[in-house]
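Following: one structure in structure tokens, then a few remarks.
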Amino acid sequence: MSILPEAERPNPYSAYGAHGSVLVLNSGSSSLKYQLVNPVGGEAIAAGTIERIGESGGSSGGIVSHTFAGNRTRRELEVPDHGEALRIALGMFDEIGPRLADAGIYAVGHRVVHGGAEFSGPVVVDDGVVDRIEALVPLAPLHNPANVQGIRVARELLADVPHVAVFDTAFFQQLPAAAYTYAIDREVAAAHDVRRYGFHGTSHQYVAGKVARVLGRRVQDLHTIVLHLGNGASASAVRGGVPVDTSMGLTPLEGLVMGTRSGDVDPAVVFHLARNAGMSIDELDTLLNKRSGMLGLSGVNDFRELRQLIDAGDDGAALAFDVYVHRLKKYVGAYAALLGRVDVVAFTAGVGENDPAVRAAVCEGLEGFGIAVDADRNAARGGERIISPDWTSTLVMVVPTQEELAIARQCVEAVDGRRPAAAVTAG
Ligand code: ADP
């Protein structure tokens with residue numbers, strides 16, 4: 001099977017005509033990332049990040065970076081809060097470009113981490129929606145507060161355009177009950193909303209759809225395993241465009257080994273450390289979310305640095321790589337069993353798109369499942385591509401994720417009040 005040339009792929013969004021641009025905002029606890037996206041053509045018109053929000057004092061203050069027309073502008077400024085961060089971002093558009101008035105903003109899209117069981121798709125934001133997102137803070141104390149703050153400030157500063165919330169959890173609201181139910185006392189679970197929600201949903205949905213589009217197949221006909229391997233990492237099994245399982249759970253801590261997160265551990269590790277190491281809940285939260293994963297095992301969480309350590313003969317780094325790959329292989333095998341048949345394994349995000357060694361190691365020894373990687377194809381660079389040899393029954397692919405574009409397109413759909421069926425296969 002081959003990849004269709006760009007010109008032959010259907011683009012359902014060309015039917016929308018001119019929609020101007022969408023400003024996509026991603027508010028983290030100490031950062032604001034933004035991108036001005038053309039939802040039809042798909043290109044990022046301008047993008048920026050503001051980091052170290054709330055950290056004061058000269059050179060250790062906020063770091064602002066804005067890229068437009070191939071030029072990156074970098075500044076160090078005091079950024080006391082998200083309101084100031086957005087004001088600075090809007091100022092960068094005015095000063096460096098493009099002027100937002102000329103860009104014709106159609107909507108502002110907000111990436112929201114946790115939509116609980118309430119939100120199964122993008123919603124146009126009103127006061128009630130903000131309150132409902134805030135009510136979900138107990139489920140996502142590390143993420144939703146910044147999202148709420150970002151939405152509030154943006155609605156004040158950009159009052160004339162619709163704002164849309166796009167949830168990381170939304171795609172996985174379609175999971176079957178057998179996949180999202182944890183086997184704990186059902187009354188306790190129900191009283192506290194304890195279940196699997198799944199995250200990175202925008203990326204998993206986009207990549208599963210993109211796979212179909214570049215192959216010229218219907219998403220309804222494909223069984224796909226998506227491996228989103230960034231700093232955070234998650235896997236999903238998608239049958240016919242609908243997720244049947246995903247590795248992240250109540251929070252983005254469960255599942256794969258990640259940059260700084262442990263992924264799966266025996267829950268009793270928490271009791272053991274609380275009882276015997278005297279660690280508090282907050283200390284355990286920090287341990288598993290920020291001091292574990294590749295960082296905890298090797299001292300680094302960036303795979304480029306990990307490779308240097310491995311090449312220099314560092315045993316801890318080599319073990320970390322093996323643990324990472326072992327976990328991934330287990331999920332690929334588990335998801336192959338759930339799907340019954342795997343048409344495509346798709347690697348995406350920072351590690352998945354850029355680290356051939358991870359891709360080769362994950363697929364090594366899986367020939368019996370019809371999964372293998374061709375060394376030359378795996379080493380080549382480029383956009384979406386097939387890296388398996390011609391003889392396999394499963395295609396292994398690299399498919400760059402475009403979360404901002406996917407968010408921008410969901411914004412257009414939410415504002416227009418329609419979600420074309422073809423959106424699932426949008427590219
Ligand atoms: P997130 O969105 O979760 O912050 P990304 O998807 O941007 O993460 O992935 C970031 C990670 O990708 C880095 O921490 C690094 O481990 C990995 N990465 C980026 N570029 C490369 C590369 N050229 N080779 C190997 N790994 C890379």
Side-chain angles (χ1 to χ4, degrees), residues 1-4 179 198 200 203-230 233-248 255-258 263-264 303 307 321-401:
M1 199 182 304
S2 61
I3 291 184
L4 288 181
H200 292 146
S203 177
H204 286 275
Q205 181 175 25
Y206 172 82
V207 170
K210 183 81 176 180
V211 160
R213 208 160 92 84
V214 299
L215 294 175
R217 299 276 303 274
R218 293 178 347 133
V219 74
Q220 291 87 335
D221 296 335
L222 290 177
H223 291 197
T224 303
I225 295 176
V226 179
L227 303 175
H228 176 112
L229 312 178
S234 59
S236 70
V238 182
R239 181 190 288 130
V242 178
V244 296
D245 206 352
T246 191
S247 58
M248 285 178 165
L256 303 176
V257 179
M258 311 184 209
D264 297 334
F303 273 71
R307 177 53 47 197
F321 185 85
D322 290 347
V323 173
Y324 185 88
V325 168
H326 183 91
R327 182 81 51 86
L328 265 165
K329 260 185 206 268
K330 280 210 303 200
Y331 272 90
V332 170
Y335 288 176
L338 284 177
L339 290 171
R341 175 194 94 224
V342 184
D343 298 310
V344 179
V345 175
F347 285 89
T348 195
V351 179
E353 292 168 27
N354 296 304
D355 197 324
V358 166
R359 298 193 297 256
V362 170
C363 296
E364 192 188 332
L366 298 186
E367 293 81 6
F369 289 83
I371 296 173
V373 156
D374 174 86
D376 291 339
R377 290 178 183 176
N378 188 32
R381 301 208 150 260
E384 60 267 5
R385 54 203 187 272
I386 294 170
I387 59 168
S388 45
D390 291 335
W391 53 263
T392 54
S393 54
T394 298
L395 293 176
V396 181
M397 297 178 70
V398 178
V399 179
T401 191

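Numbers here are sequence positions counted from 1.
- Using a 4.5 Å heavy-atom cutoff, the side chains of Thr348 and Glu353 are in contact.
- A donor-acceptor contact shorter than 3.5 Å links the side chain of Lys329 to the backbone of Glu364.
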- request: Apply the test side chain to side chain contact (heavy atoms under 4.5 Å, CB included) to residues Leu227 and Val332: give CA-CA distance (whole Å), side-chain angles for both, the deciding distance (0.1 Å), then the verdict.
  value: CA-CA 9 Å; Leu227 303 175; Val332 170; 4.0 Å; yes
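- Closest of all the heavy-atom pairs between Ala346 and Val211 is CB-CG2, 4.0 Å.
- With contacts defined as side-chain heavy-atom distances shorter than 4.5 Å, the pair Phe347/Val396 qualifies.
- Checked against side chain to side chain donor-acceptor pair (under 3.5 Å), Asp376 has no partners two or more places apart in sequence or in another chain.
- Remark: Ser388 OG to Leu395 CG distance equals 5.0 Å, nearest 0.5 Å.
- A donor-acceptor pair under 3.5 Å is absent between the side-chain atoms of Asp245 and the main chain of Ala237, judged by distance alone.
- A distance of 9.0 Å separates CG of Asn378 from CG of Asp355, quoted to the nearest 0.5 Å.
- When all heavy atoms are compared, the tightest approach of Ser393 to Gly370 is OG-CA, 3.5 Å.
- Each of Val207, Ile386, Val226 was scored for a side-chain contact (heavy atoms from CB on, under 4.5 Å) with Val399, with one residue passing: Val207.
- Scanning all heavy atoms of the two residues, the minimum distance from Gly383 to Pro400 falls at C-CD, 3.8 Å.
- With rounding to the nearest 0.5 Å, the separation of CE in Met397 from CG in Asp343 is 11.5 Å.
- Between Gly209 and Val219, the shortest heavy-atom distance links the atoms CA-CG2, 4.3 Å.
- A 4.5 Å side-chain heavy-atom check between Val358 and Phe303 finds at least one atom pair inside the cut-off.
- At least one donor-acceptor pair under 3.5 Å links the side chain of Asp264 to the backbone N or O of Gly255.
- Thr392 contributes no side-chain N or O that, together with a main-chain N or O of Ala372, makes up a donor-acceptor pair within less than 3.5 Å.
- Of all heavy-atom pairs spanning Tyr335 and Ser247, the tightest one is OH-N, 3.2 Å.
- Using a distance-only test at 3.5 Å, with no hydrogens or angles considered, no donor-acceptor pair links the side chain of Arg217 to the main chain of Ala212.
- A donor-acceptor pair under 3.5 Å is absent between the side-chain atoms of Arg239 and the main chain of Val244, judged by distance alone.
- No side-chain donor from either of Thr401 and His228 sits under 3.5 Å from a side-chain acceptor of the other.
- Rounding to the nearest 0.5 angstrom, the gap separating the CG atom in Leu339 from the OG1 atom in Thr224 is 8.0 Å.
- Looking at heavy atoms from C-beta onward, Leu229 lies out of side-chain contact with Arg359 at the 4.5 angstrom threshold.
- Remark: the backbone N or O of Val325 is not paired with any side-chain donor or acceptor of Arg327 at under 3.5 angstrom.
- Taking the ring axis of Phe321 as reference, the NZ or CZ atom of Arg307 stays within 45° of it and closer than 6.0 Å to the ring centre.
- Contact check for Thr394 versus Arg341: no side-chain heavy atoms found under the 4.5 Å cut-off.
- Looking at heavy atoms from C-beta onward, Val344 lies in side-chain contact with Leu215 at the 4.5 angstrom threshold.
- Note that CG of Leu256 is 7.5 Å distant from CE of Met248, once rounded to the nearest 0.5 Å.
- In this structure, the separation between OH on Tyr331 and OG on Ser234 is 10.5 Å, given to the nearest 0.5 Å.
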